[in-house]
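These notes concern the structure reproduced below.
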Amino acid sequence: MTETSSPKKLILYVAGQTPKSLAAIANLRKITEEHMAGQYEVEVIDLRQNPRLAKEHSIVAIPTLVRELPVPIRKIIGDLSDVEKVLVALKVQDE
Amino acid sequence: MDSPLGIAKSPTGIEGFDDLTLGGVPSGRPTLVCGSAGCGKTLFATTFLVHGARDYGEPGVFVTFEERPVDIVANVASLGFDVSGLIDRDLLAMEHIAIDPSEMAEIGDFDLEGIFLRLELAIDAIGAKRVVLDTIESLFSAFTNQGVLRAEIRRLFDWLKDKGMTTVITAERGDGTLTRQGLEEYVSDCVILLDHRVHNQISTRRMRIVKYRGTAHGTNEYPFLIDRDGFSVLPVSSLGLDHKVFEERVPSGVADLDAMLVGGGFHRGSSILVSGVAGSGKSSLSASFVHAAAARGERAIYFSFEEAPGQIVRNMSSIGLDFKPYVDSGLIRFISARPTFYSLEMHLALMLREVQKFDPQLVVLDPISAFMESGGQLEVQSMLLRMVDFLKTRGVSSMFTHLMHGQESGMATDVGLSSLMDGWILMLNREANGEFNRELYLLKARGMAHSNQVREFVMSSSGIRLLPPYLGETGALTGSARRFEEAKTRRAEVARLADVERNKAMIETRRRKAKAQIEALQAELDADDLELDMVSKAATEYLRQAATDAHEMDVSRSGGDRSRLK
């Protein structure tokens with residue numbers, strides 16, 4: 001999961017096609033396309049398909065967005081409905 | 001563990017708890033275990049889970065929100081729980097749900113489906129029937145949206161119930177509420193409160209079943225214990241007067257004492273109080289009972305609150321009681337604990353547990369007066385009452401020693417115990433003529449005639465003897481006074497015997513003298529007789545001669561010539 005190639009990786013953990021999950025996916029797509037195109041590569045993992053990963057990555061809340069690099073690891077939980085906050089949470093380390 | 005009308009229950013394997021709840025925690029439902037920090041919630045939960053996996057064929061999932069799994073495994077390993085082994089055999093699973101709030105931001109709506117997924121995976125992987133959530137409240141510090149959290153926790157409990165999981169949820173005690181986050185609102189089936197109280201600098205753990213829907217249960221506070229055997233609840237209140245009664249007599253190991261009781265010893269199952277001042281031989285007498293029991297092949301426990309086991313064994317060898325073989329062969333157990341180690345309840349609970357485990361025929365508590373320091377009189381009395389009831393219900397003979405502080409007012413024991421006791425042996429240590437002498441007497445022996453004498457209690461390397469008192473002109477005497485008085489009598493006897501001998505000899509001499517005199521007189525008499533005989537003979541001869549002479553004279557006169565003719 002942890003690629004160090006130039007587009008940094010964001011992993012979004014969802015569980016099935018719940019409204020919250022779908023909203024989170026849509027919100028994340030929008031944010032990455034509109035505000036940081038090319039910087040991040042997004043992977044969506046459906047834990048319902050692969051629940052083992054929930055333990056491996058210690059996911060508690062759904063949906064969870066994980067940015068493993070650069071360290072420290074950042075986790076954002078929720079449907080990412082507040083764009084400004086998501087940007088702050090992701091960028092705070094870059095500045 | 002189904003009861004015919006009530007709800008199904010799952011045994012926890014926690015000693016005492018299953019009896020108290022008539023079966024355990026409700027099957028397939030959540031049970032809330034709450035209590036303040038360090039009162040044993042996690043251990044309760046772990047014991048429930050490990051016993052389920054190991055003994056009842058119900059695999060379990062341990063969900064820890066606080067401690068790391070390795071720590072939990074290490075913590076309970078000291079109690080003999082091989083958690084790693086159970087994990088390897090797929091009987092147990094650990095799920096560590098750790099959340100670091102510092103690396104997390106909350107943006108928008110969310111749920112805790114992750115926990116559900118992980119739990120479901122773990123449950124399905126081992127076919128779990130039991131789940132522990134320890135301590136789910138720590139989630140409240142990780143998430144800011146408490147509304148979501150509460151809804152999710154409620155959903156989790158419902159979900160576990162739907163899956164038929166027997167669940168134990170631990171929670172911190174709150175201020176004025178059972179749990180800090182009001183979890184009791186979500187768990188309506190069974191709520192257990194653990195408490196850790198310190199009174200007089202002695203801590204006691206207590207447990208109370210606050211709520212248990214659909215079943216009868218004990219409502220009192222029960223002390224519980226965490227030691228090397230794990231978690232055990234000790235129900236000590238449910239005892240009554242349903243005692244076993246025996247006709248059989250139990251020798252005390254002191255033959256002289258048995259002889260004082262008509263029938264030879266106390267009844268089996270008697271409770272005997274031995275009270276006395278310091279150094280009057282209470283422990284020695286008790287030890288003698290224990291030794292005699294072991295010699296008969298019975299088991300005995302000696303609870304000492306003052307001496308260490310090694311010291312008792314050493315000291316008792318001085319009166320010819322060798323405990324070592326019996327201790328080695330497991331007939332006798334010495335258990336020493338300072339009264340201040342635990343609270344009274346805990347002492348009682350521990351003793352009851354030891355008695356249950358060891359199943360002895362004789363129990364000694366030496367001395368019960370030691371408890372007076374750690375509790376009020378009423379508490380001590382109630383504790384001993386329960387101990388006596390418990391032992392008598394099991395038909396166990398018991399001895400309680402009690403240290404009296406003065407023997408003048410010694411008829412009443414501090415703890416007002418005498419009415420609980422079937423036998424009461426009073427031991428005194430009296431000063432007279434510059435020495436202390438031990439005395440023993442039987443103040444009370446229910447259901448048997450007994451001697452009213454005060455005996456002198458003598459300990460030597462050949463054991464304990466009770467000497468009958470010396471009853472002389474000056475009253476009952478003991479010790480040197482007795483020996484002196486006895487010696488005096490012996491000397492008087494010797495003198496008297498000598499007197500008789502002397503008199504006898506004197507009379508004999510007089511008799512011999514008299515006899516000699518008699519002989520002398522007899523000799524004189526004989527001589528006189530002889531003389532008399534001779535005198536009379538001479539007289540006869542004279543008369544005869546005279547007659548002859550006269551005749552001759554006659555003859556010569558009438559024919560005088562004849563003679564001259566011749």
Side-chain angles (χ1 to χ4, degrees), chain A residues 10-28 30-31 45-93, chain B residues 61-69 87 93-126 128 133-153 155-156 159 163:
Chain A
L10 286 176
I11 309 168
L12 181 65
Y13 294 91
V14 294
Q17 305 289 308
T18 63
K20 277 191 279 270
S21 297
L22 293 174
I25 293 168
N27 286 334
L28 184 61
K30 215 169 101 195
I31 291 165
I45 294 178
D46 186 351
L47 291 175
R48 217 168 261 299
Q49 313 283 323
N50 201 349
R52 212 160 282 281
L53 293 176
K55 182 171 186 173
E56 272 174 40
H57 299 273
S58 34
I59 303 302
V60 176
I62 298 291
T64 297
L65 178 65
V66 177
R67 190 203 65 187
E68 291 192 330
L69 283 170
V71 284
I73 194 164
R74 290 296 302 176
K75 285 183 181 174
I76 302 169
I77 62 170
D79 59 10
L80 312 175
S81 49
D82 189 325
V83 177
E84 290 305 316
K85 275 190 184 169
V86 175
L87 288 175
V88 169
L90 287 176
K91 281 182 174 171
V92 72
Q93 208 60 30
Chain B
V61 178
F62 195 109
V63 185
T64 168
F65 295 91
E66 290 178 334
E67 285 182 280
R68 291 179 304 150
I87 292 174
M94 284 278 185
E95 193 67 39
H96 186 203
I97 296 185
I99 299 157
D100 183 357
S102 68
E103 65 180 25
M104 203 170 63
E106 255 174 67
I107 300 166
D109 201 9
F110 66 96
D111 58 38
L112 297 181
E113 191 64 23
I115 294 178
F116 287 74
L117 287 169
R118 288 165 70 172
L119 205 47
E120 185 166 35
L121 184 70
I123 288 169
D124 292 346
I126 61 168
L133 304 176
D134 179 53
T135 304
I136 198 162
E137 281 188 322
S138 47
L139 289 181
F140 283 91
S141 59
F143 296 100
T144 47
N145 192 339
Q146 309 277 295
V148 167
L149 198 53
R150 282 178 191 281
E152 285 298 283
I153 286 175
R155 187 165 73 94
L156 180 64
W159 178 78
K163 286 196 74 102

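Basis for what follows: all heavy atoms, side chains included, without hydrogens, waters or symmetry-related copies. Protein chains get the first letters and strands the later ones, always in sequence-line order, with residue 1 at the start of each.
- Across all non-hydrogen atoms, the minimal contact from Ala105(B) to Arg74(A) is CB-NH2, 4.1 Å.
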Practice prompt. Decide side chain to side chain contact (heavy atoms under 4.5 Å, CB included) for Glu113(B) and Ile59(A); before the verdict, give the C-alpha distance in whole Å, the side-chain angles of both, and the deciding distance to 0.1 Å.
Written response: CA-CA 9 Å; Glu113(B) 191 64 23; Ile59(A) 303 302; over 6 Å; no
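- The shortest heavy-atom contact between Phe110(B) and Ala61(A) is CD1-CB, 3.8 Å.
- Open room surrounds NZ on Lys85(A); 12 or fewer heavy atoms of other groups in view lie less than 6.0 Å from it.
- Within the 4.5 angstrom heavy-atom criterion, only side-chain atoms of Phe143(B), from C-beta onward, approach chain A.
- Scanning all heavy atoms of the two residues, the minimum distance from Ile62(A) to Gly114(B) falls at CG1-N, 3.3 Å.
- Between the OG1 atom in Thr18(A) and the CG atom in Asp111(B) there is a gap of 6.5 Å [rounded to 0.5 Å].
- In terms of heavy-atom proximity, Gly108(B) sits nearest to Asp79(A) at CA-OD1, 3.1 Å.
- A distance of 7.0 Å separates OG1 of Thr144(B) from CD1 of Ile77(A), quoted to the nearest 0.5 Å.
- Here the closest heavy-atom approach between residue Met94(B) and residue Lys55(A) is recorded as O-NZ, 3.1 Å.
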Fill in: Ser58(A) vs Arg118(B), side chain to side chain contact (heavy atoms under 4.5 Å, CB included): CA-CA, chis, key distance, verdict
CA-CA 9 Å; Ser58(A) 34; Arg118(B) 288 165 70 172; 4.0 Å; yes
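- Between the OG1 atom of Thr64(A) and the CD atom of Glu106(B) there is a distance of 10.0 Å, given to the nearest 0.5 Å.
- Counting heavy-atom pairs closer than 4.5 Å to chain A, the top-ranked of the candidates Asp109(B), Asp100(B), Ile99(B), Leu117(B) is Asp109(B).
- Taking chain A as the reference chain and counting heavy-atom pairs below 4.5 Å, the highest number among Leu112(B), Asn145(B), Leu139(B), Ile97(B) is found for Leu112(B).
- Heavy-atom distances place both the backbone and the side chain of Ile115(B) under 4.5 Å from chain A.
- More than 12 heavy-atom neighbours from other residues, nucleotides or ligands sit within 6.0 angstrom of CD on Glu56(A).
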